[in-house]
Q: 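Sharing a structure, written as structure tokens. Questions coming.
Everything numeric in this text was worked out from a predicted model, so none of it was measured. Convention: sequence-line order gives letters A, B, ...; per-chain numbering from 1.
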Amino acid sequence: MLLSVNGLESGYGRARVLFGVSLEVEPGRLVCVMGRNGVGKTTLLNTVMGVLPATAGTVTFDGRDVTGLKPHERVRLGMGYVPQGHQCFPQLSVLGNLLVTVEAAKQPKEAVDEALDLFPALKPMLRRSAGHLSGGQQQQLAMARALVTRPRMLILDEPTEGIQPSIILEIEAAIERLHAAGLAVLLVEQYLDIALRLADRFLILDAGRVVRTGDSEELRRDDVRRLLAV
Amino acid sequence: QPAAEPQEIKVGLLHSLSGTMAISEVTVRDAELLAVDEINRAGGVLGKKLVPVVEDGASDWPTFAEKATKLIRQDKVATVFGGWTSASRKAMLPVFERYKALLWYPVQYEGLESSPYIFYTGATTNQQIIPGLDYLKEQGKKKIFLVGSDYVFPRTANKIIKAYAAANGMEILGEEYTPLGHTEYSTLVNKVVQARPDVVFNTLNGDSNVAFFKQLKSAGVTAETMPVLSVSVAEEEVTGIGVDNIAGHPVAWNYYQTTETPANEAFVKAYKAKYGAAKVTSDPMEAGYNAVYLWAEAVRKAGTTEVEAVRKAAPSISLDRPEGKVTIDGDNQHTYKTARIGIIQPDGLIKQVWDSGEPIKPDPYLKAYPWAAGLAAS
Amino acid sequence: MLELRDVRVEFDGYRALDGVDLTVPEGELRFLIGPNGAGKTTLIDVVTGLTRPVAGSVRFAGHDLVGRKEHQIVRLGVGRTFQTSVVFEELTVLENLDLAAGFRRPLWSLARRRRGVSDAVAEALARTGLEELAERSAGVLSHGQRQWLEIGMLLAQRPRLLLLDEPVAGMSGDERERTGRLLTEIAADHTVIVVEHDMEFLRRHASTVTVLHEGKVLVEGSVEQVSADPRVQEVYLGRRPSDAAVGERS
Amino acid sequence: MRDLIRRNVPFAVVAAVALVAAPLLLEPFRLGLLAKYLCYAIVALGIGLAWGKGGMLTLGQGVFFGLGGYAMAMYLKLTEAGPGGLPDFMVWSGVEELPALWAPFASPVLALAMAVLAPVALAVVLGTLVFRQRVRGAYFAILTQALAAALVILLVGQQGLTGGTNGMTNFFELFGQDLAEDSTQRGLYLVTAGVLGVLYLATRQLVNSRFGRLLVAVRDGEDRVRFLGYDPALVKTVTFAISAGMAGLAGALFVPVVGIISPALLGVVPSLELVVAVAVGGRHALAGAVLGAVVMGYAKTAFSERFADGWLYLQGALFILVMTLAPKGIAGLLGRVRRARTA
Amino acid sequence: MTAVVNQLPIGLSIGAVLLLVALGLTFTFGQMGVINMAHGEFIMAGAYTAFLIGDLVLALPAAFLVAGIMGLILERAAVRHFYGRPLDTLLLTWGVSLVLQQLARDLFGAPNVQVPAPSWLAGGVGILPYNRLFIMALAVAGVVAVWLYLNRTALGRRTQAVVQNRRLAATSGIDTGRVDMQTFFIGSGLAGVAGVALTLIGPVGPGLGTYYIVDAFLVVVAGGLGQLRGAVLAAAGLGLLNSYAEFWSDASLAKVIVFAVIIAFLQVRPQGMFVLRSRVLT
Ligand SMILES: Nc1ncnc2c1ncn2[C@@H]1O[C@H](COP(=O)(O)OP(=O)(O)OP(=O)(O)O)[C@@H](O)[C@H]1O
Ligand SMILES: Nc1ncnc2c1ncn2[C@@H]1O[C@H](COP(=O)(O)OP(=O)(O)OP(=O)(O)O)[C@@H](O)[C@H]1O
Ligand SMILES: [Mg+2]
Ligand SMILES: [Mg+2]
């Protein structure tokens with residue numbers, strides 16, 4: 001088991017958002033987290049990454065209990081994270097964004113080229129300030145930035161949000177390729193068809209609890225889909 | 001019920017112990033504490049021990065007023081020794097007049113004041129500025145450049161200097177003020193150098209002196225080519241300015257650590273014994289030290305610490321102090337003081353080169369000087 | 001209603017808009033698509049006064065908008081949402097909406113306390129389904145809830161021209177459906193411009209679509225026309241035929 | 001209705017203590033100090049509004065305080081001017097004729113009006129200039145600080161007009177009342193407390209109004225507010241002007257209470273001290289701002305009386321501790337305690 | 001006439017002093033968003049270090065270390081709780097500055113102390129004494145070093161990443177805590193270096209920092225927060241303005257003029273000399 005989350009609880013201040021979430025990601029598997037707006041998907045990923053402290057429960061990565069580790073320590077263990085909402089270091093150039101990450105993760109510079117091969121649209125704009133890119137361009141940059149850390153597991157929060165259709169296809173293809181090459185993925189995704197095509201397993205959150213898990217076939221079932229409807 | 005006579009007398013010491021003025025005032029407080037100690041060791045006053053109540057004026061004039069009120073109303077002190085800047089004295093003045101309490105003010109100042117509830121033990125202008133000018137005139141200096149900090153003392157002093165110059169055929173080549181705490185003097189030095197005066201009359205205050213002298217020195221100005229006569233630089237400041245930067249320049253005061261009187265020998269020895277051999281004594285410290293003795297003497301003479309009685313007893317009191325004979329003037333509650341010009345020596349001490357011969361009668365409104373007629377309207 | 005003529009925008013020499021002409025008549029629901037970085041958001045920025053064009057004119061209902069301040073443009077009846085939603089986290093949902101509804105009041109009348117809920121606010125609450133959250137502070141909303149609030153604030157402003165920048169990003173299928181219906185409804189008596197990447201959403205709700213590419217208008221037409229256009233497929237939709245592409249929603 | 005009463009109980013209790021108990025229990029000297037703290041509390045209230053609610057960290061509030069104080073001091077000086085109608089400091093500064101600028105201040109009404117209007121006018125001018133250009137945050141803070149520094153230099157330089165570093169002091173009477181009398185001082189205390197109470201209620205009303213919400217919105221997202229159809233520059237200027245007016249009024253009260261106004265009271269350091277007081281009290285609540293001013297004022301007096309040599313350490317330590325341990329200040333701490341009890 | 005010409009190099013040398021005292025401030029401000037009011041006291045610490053060591057050249061690295069370590073302590077003990085709240089750090093560090101001043105008063109005494117200037121700095125070329133030239137050289141060296149650090153080193157890039165998006169930096173594998181410490185260390189260390197230089201021209205006492213802090217902030221503001229080239233230009237501009245304004249009026253008026261010019265300047269360029277534009281709304 002690469003990642004296993006056990007009875008995880010967390011929240012903001014006194015407002016609890018997650019109530020004992022457990023999940024597991026095996027090496028090379030792609031697990032898709034689904035659920036309506038505001039059920040706690042982002043909160044879950046943030047807690048897994050250590051951005052939010054867990055108030056109860058454990059996160060184990062590669063057999064090691066990482067619950068108390070800082071986010072950057074988790075990154076160095078091989079957890080790559082793409083947060084929601086196309087974030088970047090706005091005043092660094094695109095290349096700067098990638099370099100700073102590759103250096104922080106102590107990876108060789110070639111990792112940058114590899115990542116750029118996956119997102120060729122970024123190549124012509126390496127010298128521009130990341131803050132000036134359009135939303136979609138920033139999202140691609142965010143993915144590339146996570147990849148240069150050469151993670152063993154990629155954690156993606158709605159990576160296709162605000163992206164043009166053709167690039168969504170490319171991102172999907174990229175995820176598929178990475179996945180095929182043995183990278184484990186924990187994905188939050190609203191596009192059901194993408195989830196259907198990519199996921200080995202899925203997990204549906206509702207009000208901070210896991211209400212359903214299963215393999216991708218099950219996602220086609222109507223009673224499962226109803227869980228996602230408002 | 002008839003309360004037992006208290007066996008001690010409280011006296012207030014009110015100086016800035018924090019903020020920009022602490023640099024100067026702490027030493028005055030120390031000298032006053034020394035005097036209190038000595039008096040106590042000699043049996044106190046009227047058989048009672050003096051108990052100092054120390055307050056911090058925090059370099060902030062309204063705080064001086066507040067703490068003065070506190071000392072008078074809360075602690076019910078017999079008298080207060082305190083203040084340095086004119087502003088702090090002006091702030092305290094109404095408080096002492098309102099509550100009919102006594103303040104002893106130990107620093108040279110700009111004159112034009114004489115409150116019935118203040119005794120002034122530092123020099124007024126005719127005991128420092130004017131003797132300084134007399135000295136310059138004797139030396140044949142004709143062209144003067146005025147440099148001062150922007151506040152009451154320098155502005156008033158310069159007005160007097162200009163009137164004196166007009167009456168004595170001297171020429172004022174420039175008059176410049178800088179804000180308190182100013183440290184960038186390259187422009188001013190440039191102006192001074194271009195004007196080529198015979199002498200600079202310096203009424204800068206505090207830290208500005210350090211910057212001024214350092215920058216003057218590195219511009220190549222020396223005491224030989226262009227002496228700077230200072231009236232606010234004493235032994236205490238010389239170390240901070242750096243002896244190299246100021247040695248050879250003249251200063252005007254009433255007292256130096258080197259002043260040769262028996263009382264001074266004792267004072268310097270006692271001060272160093274109490275606060276450390278490396279410490280120096282200076283004019284305001286001596287004036288503060290004197291103040292305590294003068295008050296104690298007046299109380300002895302009056303037989304009580306009651307303010308009006310002390311005021312009545314004080315005039316004509318005359319003591320041998322480190323600076324020589326000091327007498328309280330009955331007209332204006334200032335003191336008779338001997339004026340002295342000194343030259344700063346390479347060892348940081350000041351050597352007297354000129355004096356007024358005898359204590360000068362204080363004249364805060366310069367009534368005795370015809371050329372100063374227009375200066376003080378009231 | 002809204003008319004852009006030869007609008008050019010430059011950022012440090014980079015041409016974000018390179019001579020855009022666009023006319024949107026009153027009462028139309030116009031969709032704006034185009035590759036990432038095509039200039040869609042920039043176009044909205046120009047209309048709402050956030051970005052100044054180096055050349056060209058923007059006219060709305062007889063007013064020239066170029067050079068006006070943002071709040072003046074809003075007062076002319078132009079409202080917008082942001083691609084990344086910005087709401088006032090310390091205020092409650094209701095207060096956010098009330099603020100949006102209140103700009104027509106004179107400043108001094110704001111010195112009174114709010115009593116009750118105005119019609120515009122009540123309507124915005126109902127239409128966005130935020131009633132339950134009305135008294136919560138906006139800071140606790142999730143991403144999708146914020147998108148709704150942002151739309152609600154726009155509605156509460158009661159503008160004549162609405163510009164929405166990717167309003168359904170991050171929404172689930174049902175919510176997209178609801179948004180789509182809402183937009184169609186509003187468009188009956190308003191002018192609405194929506195920037196979206198979700199082709200399925202377009203197919204269901206769009207009539208006219210403008211495709212922007214590299215700061216210029218590439219094509220304009222119905223959804224079918226546009227998605228059949230090979231240039232659009234090339235730069236925007238991607239290799240697969242469009243219906244096999246992304247679209248199906250949870 | 002019940003809600004209204006419950007909300008106002010704490011205020012009523014505090015008001016009763018301030019207006020009845022304090023004058024009865026405190027010695028005149030202490031009451032005078034309390035009146036001084038309350039003057040500062042009025043300034044703090046304005047800072048609480050501008051900074052706490054509006055996000056404008058003004059480090060130059062002393063400027064407005066000073067303008068109000070000087071206006072009042074000029075009036076007081078003129079009522080008791082000596083021969084030739086000249087205030088004492090003009091005489092020893094060699095000024096022979098009353099400067100024209102001074103003339104209007106012979107009238108108490110005009111002087112009081114100027115005490116409030118001059119700060120408001122300056123705030124409007126400065127606010128319009130900087131807010132329209134979207135100068136904000138740290139820029140604004142530093143600019144206001146520089147303003148305080150510049151004004152001090154200006155005041156000090158115009159000795160004949162302003163009394164220079166000394167400022168103005170030595171006042172004898174106000175509206176025919178002898179300022180040295182304890183009863184006058186008690187009256188002044190009551191007026192100050194009353195003004196503070198009224199201003200507090202008015203400010204609270206403002207903060208709870210739509211305008212208050214708008215102000216918070218401007219603080220948290222000025223640019224977004226533009227797209228809601230408001231002009232943030234206007235909102236900020238109005239708020240800044242209100243806080244300036246309060247500071248001016250406080251200055252006008254301060255002068256007869258304390259008996260002095262000088263540049264030392266309105267420079268960088270006193271301005272900062274007031275902001276610090278607001279931070280300690282808790283800038284998110286108006287009551288916190290008021291509380292902070294009184295607590296810090298009292299702490300300064302108490303520490304410096306007890307430890308004349310090292311009180312700055314205590315003062316600094318108190319402040320640093322509160323800032324680090326309770327970022328929302330004393331008010332935040334109290335709120336947390338109350339919530340914990342009700343929960 | 002010569003006097004007018006003389007003011008030009010004088011203005012530049014004033015600018016160099018301003019730049020030197022503002023450099024560390026620009027650094028912490030620009031890189032961390034921390035407005036460090038205790039900066040002046042770190043300058044003071046540098047000056048006292050020079051006093052203790054007694055040798056100007058040796059004092060430079062020592063002062064960098066001393067002030068840097070003080071900065072490090074401040075950062076760890078207090079500032080780190082305040083990231084993202086620049087206005088709060090302003091107040092906090094102000095409190096610290098008061099305490100440090102009093103501490104200096106108790107440690108070294110209230111009076112000024114003297115740091116002897118090395119003999120090789122006696123004399124000068126034209127109107128400029130060698131010690132002014134030394135300060136100018138030091139300022140230039142400081143600017144170059146900071147520029148290289150920020151733009152040519154991985155550490156510098158990391159520093160920028162943290163200030164621009166702290167949370168993202170953490171989830172990108174950057175140890176934000178360490179970066180903060182490094183940045184504060186360098187910014188404070190630069191203050192220490194400035195302090196050593198100032199012993200050549202000004203007083204060395206507990207109040208040292210307060211004399212420079214307001215001017216330093218004005219440089220930072222006029223230059224555009226945290227902008228290196230902005231700070232350089234602003235310092236030079238303010239230096240010249242100061243020198244000529246004082247030459248034609250007096251020192252007090254010059255300060256008021258400088259303030260007025262800055263307000264006027266901000267009317268034209270509200271965000272200072274150089275602005276980092278970003279599309280993010282605030
Ligand atoms: N910073 C915050 N402070 C307080 N509450 C928050 C915060 N962020 C999110 N929440 C609350 O936590 C809950 C879960 O939010 P989260 O962002 O995890 O949802 P999500 O499933 O990612 O939704 P979406 O699909 O809209 O992104 C929401 O109800 C939200 O109100
Ligand atoms: N302030 C700016 N400075 C520099 N370049 C900018 C700026 N704003 C936008 N751009 C550039 O202009 C181009 C258009 O950006 P815009 O945000 O309008 O794209 P978009 O069509 O909205 O893309 P998306 O669909 O990804 O949101 C982009 O290449 C972007 O990098
Ligand atoms: Mg989310
Ligand atoms: Mg966009």
Side-chain angles (χ1 to χ4, degrees), chain A residues 11-13 15 17 32 34-43 84-87 121 124-125 128-129 132-140 157-158 160-173 188-197 202 204 219 224-230, chain C residues 11-12 14 16 33-42 82-85 129 133 136-137 139-148 165-166 168-178 195-200 202 227 232-240 242 244-250:
Chain A
Y12 306 87
V17 173
C32 188
M34 313 189 70
R36 290 187 297 256
N37 292 135
V39 295
K41 303 182 293 292
T42 301
T43 309
Q84 190 168 14
H86 29 80
Q87 299 190 32
M125 47 190 80
R128 289 177 51 195
S129 288
H132 293 167
L133 300 188
S134 78
Q137 293 163 339
Q138 285 174 350
Q139 184 63 26
Q140 298 180 45
D157 198 348
E158 307 204 17
T160 57
E161 190 183 306
I163 306 246
Q164 68 184 80
S166 59
I167 296 181
I168 293 187
L169 294 175
E170 284 169 30
I171 290 179
E172 187 187 332
V188 170
E189 181 53 68
Q190 294 274 13
Y191 285 98
L192 188 59
D193 50 338
I194 297 184
L196 279 173
R197 283 199 293 272
F202 73 91
I204 296 178
L219 258 184
V224 173
R225 288 191 171 202
R226 216 168 300 126
L227 288 170
L228 296 171
V230 183
Chain C
F11 297 109
D12 310 322
Y14 177 83
I33 62 171
N36 293 129
K40 305 179 295 294
T41 303
T42 307
F82 287 88
Q83 192 166 357
T84 332
S85 57
L133 299 171
R136 295 272 217 91
S137 56
V140 308
L141 299 187
S142 79
H143 188 70
Q145 291 162 337
R146 281 170 190 241
Q147 295 278 90
W148 274 110
D165 201 352
E166 306 198 16
V168 302
M171 284 189 186
S172 62
D174 277 15
E175 290 177 318
R176 284 165 196 254
E177 189 52 38
R178 218 170 82 207
V195 172
E196 237 335 305
H197 286 299
D198 182 353
M199 289 307 285
E200 171 65 16
L202 256 76
S227 28
V232 177
Q233 289 182 358
E234 157 84 28
V235 302
Y236 184 65
L237 294 174
R239 297 167 307 280
R240 292 197 215 179
S242 54
V246 192
E248 198 187 353
R249 295 282 159 187
S250 52

Q: Of all of Gln147(C), Glu166(C), Arg146(C), which one pairs up most often with chain A through heavy atoms under 4.5 Å apart?
A: Glu166(C)
Q: Only counting residues at least two apart or in another chain, list the ones meeting salt bridge (charged side-chain N to carboxylate O under 4.0 Å, His left out) with Arg128(A).
A: none
Q: Whether the Ser227(C) and Gln233(C) side chains hold a donor-acceptor pair (N or O, under 3.5 Å, no angle test) is what I'd like checked.
A: no
Q: Pick one of side chain, backbone, both or neither for Val168(C), based on which atoms fall under 4.5 Å of a heavy atom in chain A.
A: neither
Q: Please identify, among Ile167(A), Thr160(A), Val17(A), Ile163(A), the residue contributing the most non-hydrogen atom pairs under 4.5 Å to chain C.
A: Ile163(A)
Q: Against chain C, label Gln140(A) side chain, backbone, both or neither, depending on which of its atoms sit under 4.5 Å from a heavy atom there.
A: side chain
Q: For His197(C), check ring pair (Phe, Tyr, Trp, His ring centres under 6.0 Å) against everything at least two apart and list the hits.
A: Tyr236(C)
Q: Is Lys41(A) paired with Asp157(A) through a side-chain N to carboxylate O contact shorter than 4.0 Å?
A: no
Q: Taking all non-hydrogen atoms of both residues, which atom of Glu172(A) and which atom of Ile194(A) are closest, and how far apart?
A: OE1-CG1, 3.9 Å
Q: Which bit of Gln137(A) comes within less than 4.5 Å of chain C, counting heavy atoms only: side chain, backbone, both or neither?
A: both
